[in-house]
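The block underneath contains the structure these notes are about, expressed in structure tokens.
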Amino acid sequence: MRTRFLLGTLCALSAFVVTAPANADGLVENVNGITLDADGKVIRFNAILIGKDGKVTELLTKKDKLPPKLDFRHDGKGATMLPGLIDAHGHVMGLGFQLLTLDLSGTNSLAEAQAAIREYAAKNPDRRWIIGRGWNQEKWGLGRFPTAADLDVAVGDRPVWLERVDGHAGWANSRAMEIAGVTAASKSPPGGRIEMAGGKPTGIFVDAASELVGKFVPVPKPAERDIALGEAQKKLLSQGITAIADMGTSLEDWQSYRRAGDSGWLSIRIFGYAGGIDNMVAIAGPRPTPWLYDDKLRLGGVKLYLDGALGSRGAWLKKPYADAPGQTGLQFLASAEIRNLMVRASMDGFQTAIHAIGDAANAEVIGAIEELSETYKDDRRWRIEHVQIVDPIDLQKLGKHGIISSMQPVHQTSDRIMAEARLGQERLKGAYAWQSIAKAGGKLAFGSDVPVESADPFAGLATAMTREDAAGQPFGGWRPEERVSREQALAGFTTGAAFAAFAEGKVGSLTPGHHADFILINVDPLLASPAELRKAVVSETWVGGRPAYQSAAATAAQNIKDGERR
């Protein structure tokens, strides 16, 4: 199956690749080119020269003369050219497996989810476990977590294990709990919570408690991982994403990336952040890896978790949840532990990226960075992932010590109603506060948290500049003072995301010396309406000066043109 997939992918691209020979000096012309320089200034151009090394040689306008000798010329047909977009926070293999397993993210009610689970089980009678993700009780309007009994109605004869949309809770049926040995006597582990009712486990396992069941789920084989990586690459390239910060890279993930690189089918750039210190050491050893495969892969940092997610009430808050007065969320690491782990990584030159969603978690991370910055005074680019709820007194601190706020604009529209219920109005003053962070001098990097959300960067761009959802609600934006400009939004997905991964000299801009990673789309993001931007269509995606994706419509047009030549 893996061989057929790889051959199919290569064959699909072969006709397109002919127009752009490897190691050639080339020109892509007739474009509405847009890029940002290091200062965030917009540069417009009409053609781009690409060197034999796959890097940008020169940007040309209509006033400039074209070089007389070229190995190839490609007509952009008037499309808008942007730098390849960078997702500053995603999960590559999570996306790949979402595309291969049961995906409940499109369900709008418990009944819809049950029907989808039942149908999937019927179509896959040989699967020992039914696994998937994407459920969201808030979206369903359920008013509670689903239960094992709810799952048993759909599938009762085989174990079922389904991760919540944010990955911070798991839903098991009775058969899965039986296999895992979970009973009324089971205790919640540190950093996790077994949801109980009437003294018995309900089937919901939050954060660290998920491992009680998750460790019994069959581990994917290497060939299955490679297929998942291939599917993830195809999806990301079709959405205009040429690079992604992979948050939580495991040794098995890394081995798949290396197999792809060694075999020549690694198409996207992956900035790896190991899932914890153990994976960091197992993958990279005493120091970050070098850039591999012409700058397509590097393990340069480590991802650490300080709290859970807002949807499962695992985000660590300073005060109890407004809709659950007895709960303040989960603190995964004590103050001394988080500092020790950050020191351990920093001593060997690894960048730290710390998951913090609640205001208590963000305050803890900011405090740790303030302390460690006294020792590590060089360019560390301390990353905080999500930065969703921040106490207003801590917002100004995000502009100090080179802190990078790695945020996902689409979380704001997805979480808005839930956040209001979880927090109450007073704590919303520091919620998803992009503009406040920017004004404080903080550095923004934007992503999607795929597969928690769709990786679609155009939805992220539209949300960042409007704070409205796809339906244009709420009109004028939710807490509109936190909107960012179009240029700031574009920077978040290009130069800002590159800077966050120490890759600003390689990608994120189409200025000379950078890799010629770019996309061609049908709208101008600096002029289009938010609705038009959300409907943007990627016709071509190029990585390193070579085509990596072409839409079906573009392929058909190319075939017609080639036929006319013959």
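Just so you know, these numbers come straight off a predicted model, no measurement behind them.
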Please lay out, stage by stage, how I131 and L102 fare under the test side-chain contact (heavy atoms from CB on, under 4.5 Å). CA-CA 6 Å; I131 58 176; L102 175 59; over 6 Å; no

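- Inter-residue side-chain proximity for M342 and L304 is flagged as met; some heavy-atom pair is nearer than 4.5 Å.
- Between the D348 side chain and the F350 main chain, no donor and acceptor come within less than 3.5 Å of each other.
- Taken from CD1 in I179 to CH2 in W161, the straight-line distance is 12.5 Å, to the nearest 0.5 Å.
- Here D253 pairs with R225 in a salt bridge; the nearest charged N to carboxylate O distance falls below 4.0 Å.
- Salt-bridge annotation for K318 and D394: present, with a side-chain N of the basic residue lying under 4.0 Å from a carboxylate O of the acidic one.
- In this structure a side-chain-to-backbone donor-acceptor pair under 3.5 Å is missing from T107 to S109.
- Comment: E195 engages R193 in a salt bridge, judged by a side-chain N to carboxylate O separation of less than 4.0 angstrom.
- Within the 4.5 Å cutoff, side-chain heavy atoms of W382 are placed close to those of L372.
- Judged by distance alone, with hydrogens and angles left aside, the side-chain atoms of E138 form no donor-acceptor pair with the main-chain N or O of S312 at under 3.5 Å.
- Counting only N and O atoms by type, the side chains of Y432 and Q388 include a donor and acceptor under 3.5 Å apart.
- Side-chain contact between M280 and Y273 is absent, with no heavy atoms from C-beta onward closer than 4.5 Å.
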Result block: side-chain N/O donor-acceptor pairs under 3.5 angstrom for residues 203-222, not counting sequence neighbours:
unit_1, atom_1, unit_2, atom_2, d
D207, OD1, H168, ND1, 2.6
S210, OG, F205, O, 2.9
S210, OG, D207, O, 3.2

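- For the pair I404 and A445, the tightest heavy-atom approach, listed with the atom from each and the gap, is CG2-CB, 4.1 Å.
- A donor-acceptor pair is defined here as one N or O able to donate and one able to accept, closer than 3.5 Å; such a pair exists between the side chain of S188 and the backbone of I194.
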Can you give me every donor-acceptor pair (side chain of residues 149-156, partner residue at least two apart or in another chain, under 3.5 Å) with its distance?
unit_1, atom_1, unit_2, atom_2, d
D150, OD2, R144, NH1, 3.0
D150, OD2, R144, NH2, 3.4
D150, OD2, T147, N, 3.0
D150, OD2, T147, OG1, 3.1
D152, OD1, S174, N, 3.0
D152, OD2, S174, OG, 2.5

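- Atoms CG and CG, on L333 and L341 in that order, are 6.0 Å from each other to the nearest 0.5 Å.
- Between T249 and Y257 the shortest side-chain heavy-atom distance falls below 4.5 Å.
- Panel note: side chain N173, backbone A148; no donor-acceptor pair is recorded below 3.5 Å.
- Among all heavy-atom pairs drawn from F271 and A243, the shortest one is CZ-CB, 3.8 Å.
- For the pair D359/W316, no side-chain contact is recorded, criterion being any heavy-atom separation below 4.5 Å from C-beta on.
- In this structure, CD on E231 lies 8.0 Å from CD1 on I227, to the nearest 0.5 angstrom.
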Check the pair E374, E371 against side-chain contact (heavy atoms from CB on, under 4.5 Å), reporting the backbone distance first and the verdict last. CA-CA 6 Å; E374 294 299 314; E371 292 178 23; over 6 Å; no

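- Other residues, nucleotides and ligands place no more than 12 heavy atoms under 6.0 Å from the CE atom of M347.
- For the pair G181 and S186, the tightest heavy-atom approach, listed with the atom from each and the gap, is O-OG, 3.9 Å.
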Residues T183, M177; criterion side-chain contact (heavy atoms from CB on, under 4.5 Å); working and verdict: CA-CA 8 Å; T183 67; M177 289 196 291; over 6 Å; no

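- L317 has its side chain within reach of L423: a pair of non-hydrogen atoms, C-beta onward, lies under 4.5 Å apart.
- Here the CZ atom belonging to F446 is positioned 13.0 Å from the CG atom belonging to L85, to the nearest 0.5 angstrom.
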For E385 and S406, what are the C-alpha separation, side-chain angles and deciding distance, and is it a side chain to side chain donor-acceptor pair (under 3.5 Å)? CA-CA 5 Å; E385 305 301 314; S406 172; 2.6 Å; yes

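- Because its NZ or CZ atom is both nearer than 6.0 Å to the ring centre of F502 and within 45° of the ring axis, R381 counts as a cation-pi partner of that residue.
- Counting only N and O atoms by type, the side chains of T463 and Q412 include no donor and acceptor under 3.5 Å apart.
- In this structure, the side chains of K443 and S405 stay at 4.5 Å or more apart for every pair of heavy atoms.
- Using modelled atom types, one finds a donor on one side chain and an acceptor on the other under 3.5 Å when comparing R164 with Q137.
- The pair R467-E482 fails the salt-bridge criterion, with no side-chain N (NZ, NE, NH1 or NH2) lying under 4.0 Å from an Asp/Glu carboxylate O.
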Apply side chain to side chain donor-acceptor pair (under 3.5 Å) to N279 and S250, showing your working. CA-CA 6 Å; N279 277 307; S250 69; 5.4 Å; no

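- Annotation: K139, atom NZ; neighbour count of heavy atoms from other residues, nucleotides and ligands within 6.0 Å is above 12.
- Without hydrogens or angle criteria, N124 side chain to R127 main chain gives no donor-acceptor distance under 3.5 Å.
- Q408 and H386 share a donor-acceptor pair across their side chains, judged by distance under 3.5 Å alone.
- In this structure a side-chain-to-backbone donor-acceptor pair under 3.5 Å is missing from S373 to E370.
- Around CZ of R287, the count of heavy atoms belonging to other residues, nucleotides or ligands within 6.0 Å does not exceed 12.
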Would L297 and R269 count as a side-chain contact (heavy atoms from CB on, under 4.5 Å) if you check the C-alpha gap in whole Å, the side-chain angles of each, and the deciding distance to 0.1 Å? CA-CA 6 Å; L297 181 65; R269 302 188 192 277; over 6 Å; no

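- Atoms CG and CD1, on L162 and I130 in that order, are 9.0 Å from each other to the nearest 0.5 Å.
- Judged by distance alone, with hydrogens and angles left aside, the side-chain atoms of S436 form no donor-acceptor pair with the main-chain N or O of A433 at under 3.5 Å.
- Separating the CZ atom in R133 from the CG atom in D103 is a distance of 9.0 Å, to the nearest 0.5 Å.
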After noting the C-alpha distance and the side-chain angles of D449 and H91, does the key distance pass the side chain to side chain donor-acceptor pair (under 3.5 Å) rule? CA-CA 7 Å; D449 203 12; H91 308 277; 2.9 Å; yes

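- Ionic pairing of D456 and R534 is not present here: no N-O contact between side-chain nitrogen and carboxylate oxygen is shorter than 4.0 angstrom.
- By the 30° and 60° cut-offs, the orientation of the rings of W171 relative to W135 is perpendicular.
- A donor-acceptor contact shorter than 3.5 Å links the side chain of N362 to the backbone of I389.
- At a threshold of 4.5 Å between non-hydrogen side-chain atoms, the residues E364 and R339 count as touching.
- We find that R422 and E420 are not joined by a salt bridge, their nearest charged nitrogen and carboxylate oxygen being 4.0 Å or further apart.
- Taking the charged nitrogens against the carboxylate oxygens, E119 and K123 do have a contact shorter than 4.0 Å, which makes a salt bridge.
- When atom types are taken as modelled, the side chain of D166 and the backbone of A309 share no donor-acceptor pair closer than 3.5 angstrom.
- Between L444 and A438, the shortest heavy-atom contact is CD1-CB, 4.1 Å.
- A500 approaches Q351 most closely through the heavy-atom pair O-NE2, 2.9 Å.
- Under a 4.0 Å N-O distance rule, the pair R483/E481 does not qualify as a salt bridge.
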